[in-house]
Asks: 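Dropping a structure here in structure tokens format, bear with me for questions.
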Amino acid sequence: MKPHVIMIMADQLRADVLGKGFTPNIDSIAGEGVRFDRAYCGCPLCVPARGVVFTGTYPNRNGSLINPWEPEDARFGYVKSGITNLYELMEEEWDSIHSGKQHLFTEGGNLESRKDSKTRWLSTEHSYKEYLKEAKIPLPGGPSFRMRVPELMNGKTTHVANYSNANTGRYEPGEEFYFDYYFAEKAVEGIQERDPDKPLLLNAMFLAPHPPFQIPEPWYSLVADKDFDLPENVGVYYSNQSPLQMYNLPGAVGACYNRAHWKEAWRVYLGLVAMLDNCVGRIIKELKAQGIYEESLIIFTSDHGEMLGSHGLFQKMCMYEEASRVPLYMKFPKKENQGMAGKVIKDTVSHVDLMPTLCEYLDLKPGHIMDGKSLMPMISGKRDGKEGQAFIQYDGNGSLSNFQRCVVRRNYKLIVDIFKDEVYYELYDLEQDGQETCNLMFRQEYDSLAREMAADLAHHMIITGDHLDFPAFSPERFRKAYGGRV
């Protein structure tokens with residue numbers, strides 16, 4: 001029988017909060033398996049990020065560019081017909097179950113509502129809301145945990161939208177009524193009720209630590225101010241970072257808070273991270289109780305990260321490390337895991353590589369050409385990946401609006417930020433400047449490198465069918481326009 005596959009995905013989890021004492025269960029997956037230290041999402045936004053993970057294709061290729069919230073632009077949020085996703089690929093041979101957030105949208109309709117789906121959809125956000133409605137319990141969050149922000153529609157007209165803010169509070173109904181407790185409970189039930197004649201495929205998709213930051217006890221009070229230090233770039237808007245972020249949700253919301261408020265937001269966020277870890281621990285415990293932990297491939301990742309005040313920004317939707325770099329851990333079945341325990345791979349990889357890796361390891365045949373490359377040669381030590389690149393894009397939140405493109409090559413990152421007719425460039429040395437505080441576009445000695453990376457990015461946009469044209473690139477003209485300070 002083929003191995004059991006357990007995919008655990010967090011939502012909006014910063015890679016840099018793991019391994020700090022708040023996440024022993026998640027850390028155990030890395031400790032017993034392979035940790036990719038420089039993994040990146042394909043898009044720092046929920047729906048398109050999952051489109052990348054579950055199809056092995058870039059947003060440009062699969063068509064899922066945004067969250068399809070606004071009817072006018074909703075068609076840009078769906079994976080195109082004819083592109084196979086992991087559920088469809090595995091649900092024939094595996095006992096496929098899903099518990100948690102379901103933000104993989106396809107042109108054929110929501111996966112869980114399809115009559116031909118062989119996956120058992122044990123819980124989704126919809127079923128969670130029905131559960132609370134039946135219990136007459138309010139949802140976490142509410143008006144004080146949301147705020148009005150401008151959002152460009154179809155790149156042309158501005159509307160007022162309503163999105164989560166960084167306010168915090170205690171969720172009084174208690175842990176058993178919180179998103180992730182419910183999702184974990186259903187996941188455990190699914191493991192207990194699995195078909196023993198088939199390998200198990202569990203997709204456990206948690207909402208934590210995505211806002212709202214109204215969370216239940218004991219997690220709300222678990223973390224104290226003394227338990228952590230804020231990163232230096234929290235609450236700081238650097239002089240040469242893109243001013244176009246102020247037209248985007250991260251800047252509009254992030255500008256409302258000072259460093260003291262970010263300290264409280266971090267405290268509650270870390271409590272939510274600890275709750276996520278507890279949920280992961282419950283899944284691991286049940287896998288062991290069922291005697292299938294040792295025969296399981298366990299993958300832990302997050303769809304993207306969270307700015308949480310870094311660069312003065314909130315949420316994701318930008319290319320800085322806090323939003324675009326993701327945790328990626330893989331624990332293989334015992335018979336293949338010899339020598340892998342605790343292995344750390346520092347080469348640049350992407351979420352787009354995850355499905356090709358599963359296809360090679362599990363001998364799966366997708367019905368489409370994938371953009372990523374299998375990580376199995378890198379895992380086995382047959383390929384070092386030092387020349388690897390990660391390409392990231394952003395095309396707006398609930399509609400087509402702000403556009404960003406990014407390439408990470410070795411320790412350098414080039415960001416292209418576009419709003420209407422304005423273009424802003426950022427170049428960072430991630431090895432020397434991990435918090436991305438010094439924009440090297442204002443240093444002439446880096447112009448040659450910037451041109452090389454811009455050419456790589458332009459080529460990627462062409463071959464993946466990007467709806468944008470790469471703007472004419474001139475470091476000299478950029479510096480003249482913005483007159484940055486080094």
Side-chain angles (χ1 to χ4, degrees), residues 11-12 40-86 101-111 149-159 161 163 244-245 247-250 303-305 315-319 323-324 326 350-352 354-355 368-372 390-407 415-420 423 457-471:
D11 192 328
Q12 224 150 300
Y40 290 88
C41 64
C43 174
L45 188 69
C46 296
V47 172
R50 291 158 199 265
V52 171
V53 170
F54 286 100
T55 70
T57 58
Y58 290 111
N60 283 336
R61 191 91 70 183
N62 66 50
S64 180
L65 304 175
I66 61 171
N67 290 338
W69 308 152
E70 297 293 341
E72 184 179 349
D73 288 341
R75 67 189 183 278
F76 297 108
Y78 298 96
V79 172
K80 298 173 184 175
S81 297
I83 296 181
T84 317
N85 62 67
L86 196 65
K101 183 172 181 175
Q102 206 306 82
H103 269 193
L104 174 63
F105 293 85
T106 60
E107 276 188 349
N110 289 342
L111 293 177
V149 296
E151 184 166 57
L152 198 64
M153 301 289 294
N154 201 22
K156 295 177 182 177
T157 57
T158 300
H159 292 207
Y163 289 111
L244 305 186
Q245 283 293 342
Y247 295 120
N248 198 4
L249 186 153
D303 56 353
H304 48 71
Q315 290 214 31
K316 52 273 187 177
M317 308 162 196
C318 62
M319 301 299 169
S324 64
V326 292
S350 168
H351 265 163
V352 79
L354 192 50
M355 188 159 161
H368 64 278
I369 297 173
M370 294 181 290
D371 292 312
F391 295 97
I392 315 167
Q393 69 182 88
Y394 173 71
D395 291 272
N397 183 9
S399 61
L400 287 178
S401 52
N402 309 70
F403 303 105
Q404 295 168 48
R405 298 294 183 266
C406 175
V407 57
I415 303 169
V416 183
D417 195 357
I418 304 168
F419 184 75
K420 290 188 176 290
V423 183
L457 184 53
H459 177 69
H460 168 79
M461 292 170 66
I462 291 170
I463 65 173
T464 57
D466 202 309
H467 66 104
L468 297 180
D469 293 321
F470 191 87

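The first residue of the sequence shown is numbered 1, and numbering continues consecutively from there. In this text, all values refer to a predicted model and were calculated from it rather than measured experimentally.
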Asks: So, do Lys420 and Tyr247 sit near enough that their side-chain heavy atoms are less than 4.5 Å apart?
Replies: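 They are not in side-chain contact.
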
Asks: Please say whether more than 12 non-hydrogen atoms of neighbouring residues, nucleotides or ligands are located less than 6.0 Å from CZ in Phe391.
Replies: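 It does: Phe391 CZ has more than 12 such atoms within range.
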
Asks: Here's a test for you: under side-chain contact (heavy atoms from CB on, under 4.5 Å), which of Asn60, Leu468, Val416 qualifies with Gln393?
Replies: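 That would be Asn60; it is the only one of Asn60, Leu468, Val416 passing the side-chain contact (heavy atoms from CB on, under 4.5 Å) with Gln393.
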
Asks: For Asp303, which of Arg50, Gln12, His351 qualifies under side-chain hydrogen bond (donor to acceptor under 3.5 Å, both in side chains)?
Replies: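 Exactly one option meets the side-chain hydrogen bond (donor to acceptor under 3.5 Å, both in side chains) with Asp303, and it is Arg50.
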
Asks: Between His467 and Phe403, does the ring centroid distance fall short of 6.0 Å?
Replies: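 Ring centroids of His467 and Phe403 are less than 6.0 Å from each other.
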
Asks: Rounded to the nearest 0.5 Å, what separation is found between the CG atom of Leu111 and the CD atom of Gln102?
Replies: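 Interatomic distance, Leu111 CG to Gln102 CD, rounded to 0.5 Å: 5.0 Å.
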
Asks: Please round to the nearest 0.5 Å and tell me the distance separating atom CD of Glu107 and atom CZ of Arg75.
Replies: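 Result: 11.5 Å between the selected atoms.
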
Asks: Please find the pair of heavy atoms, one from Leu65 and one from Pro48, that lie closest to each other, and give the distance.
Replies: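 Of all heavy-atom pairs spanning Leu65 and Pro48, the closest is O-CG, 3.5 Å.
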
Asks: Can you name the closest pair of heavy atoms from Ser64 and Val47 and give their distance?
Replies: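 Residues Ser64 and Val47, closest heavy atoms: OG-CG1, 3.6 Å.
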
Asks: Is a side-chain N or O of Ser399 found less than 3.5 angstrom from the main chain of Leu152, in a donor-acceptor match?
Replies: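 Yes, the answer is positive, given that a donor and an acceptor are paired below the 3.5 Å cut-off.
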
Asks: Quick one: does His304's side chain have a donor or acceptor within less than 3.5 Å of a partner on Ala323's backbone?
Replies: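 Flag not set: sc His304 to bb Ala323 has no pair under 3.5 Å.
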
Asks: Just jot down the side-chain contact (heavy atoms from CB on, under 4.5 Å) partners of Arg61, sequence neighbours excluded, or say none.
Replies: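 By the side-chain contact (heavy atoms from CB on, under 4.5 Å) rule, Arg61 matches Thr57, Asp371, Thr464.
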
Asks: Once you round to the nearest 0.5 Å, how far does NZ of Lys101 lie from SG of Cys46?
Replies: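 Lys101 NZ to Cys46 SG: 3.5 Å, rounded to 0.5 Å.
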
Asks: Write down the atom of Ala161, the atom of Glu151, and the distance for their closest heavy-atom approach.
Replies: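 Shortest heavy-atom contact: CB-OE1, 3.7 Å.
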
Asks: Where do Thr84 and Met355 come nearest, in terms of heavy atoms and distance?
Replies: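 The pair with the smallest heavy-atom distance is O-CE, 3.9 Å.
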
Asks: Quick check for you: to the nearest 0.5 Å, what is the distance between Tyr394 atom OH and Ile66 atom CD1?
Replies: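 Tyr394 OH to Ile66 CD1: 9.5 Å, rounded to 0.5 Å.
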
Asks: Quick one: does His368's side chain have a donor or acceptor within less than 3.5 Å of a partner on Thr55's backbone?
Replies: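 Yes, His368 side chain to Thr55 backbone: donor-acceptor pair under 3.5 Å.
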
Asks: To the nearest 0.5 Å, what is the distance between CD1 on Ile415 and CG on Leu457?
Replies: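 If I round to the nearest 0.5 Å, the distance is 11.0 Å.
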
Asks: With rounding to the nearest 0.5 angstrom, report the CG to OH distance, Leu104 to Tyr78.
Replies: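 Nearest 0.5 Å value for the CG-OH distance: 11.5 Å.
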
Asks: So does Lys156 pair up with Asp73, basic N to acidic O under 4.0 Å?
Replies: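 Asp73 and Lys156: not salt-bridged.
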
Asks: Keeping Asp466 on the side-chain end and Ile462 on the backbone end, is there a donor-acceptor pair under 3.5 Å?
Replies: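 Side chain of Asp466 to backbone of Ile462, a donor-acceptor pair under 3.5 Å: no, none is there.
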
Asks: Under 3.5 Å, is there a donor-acceptor pair between the side chain of Asn154 and the main chain of Glu72?
Replies: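 Checked: no pair found.
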
Asks: Among Cys43, Cys318, Pro44, exactly one meets side-chain contact (heavy atoms from CB on, under 4.5 Å) together with Gln404. Which residue is that?
Replies: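 Going through the options one by one, the only one that passes is Cys318.
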
Asks: Of all heavy-atom pairs between Gly396 and Ser401, which one has the smallest distance, and what is that distance?
Replies: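 In terms of heavy atoms, the two residues are closest at CA-OG, 3.3 Å.
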
Asks: Search all heavy atoms of Asn402 against all heavy atoms of Leu244 and return the closest pair with its distance.
Replies: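 Heavy atoms only, the tightest pair is ND2-O, 4.2 Å.
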
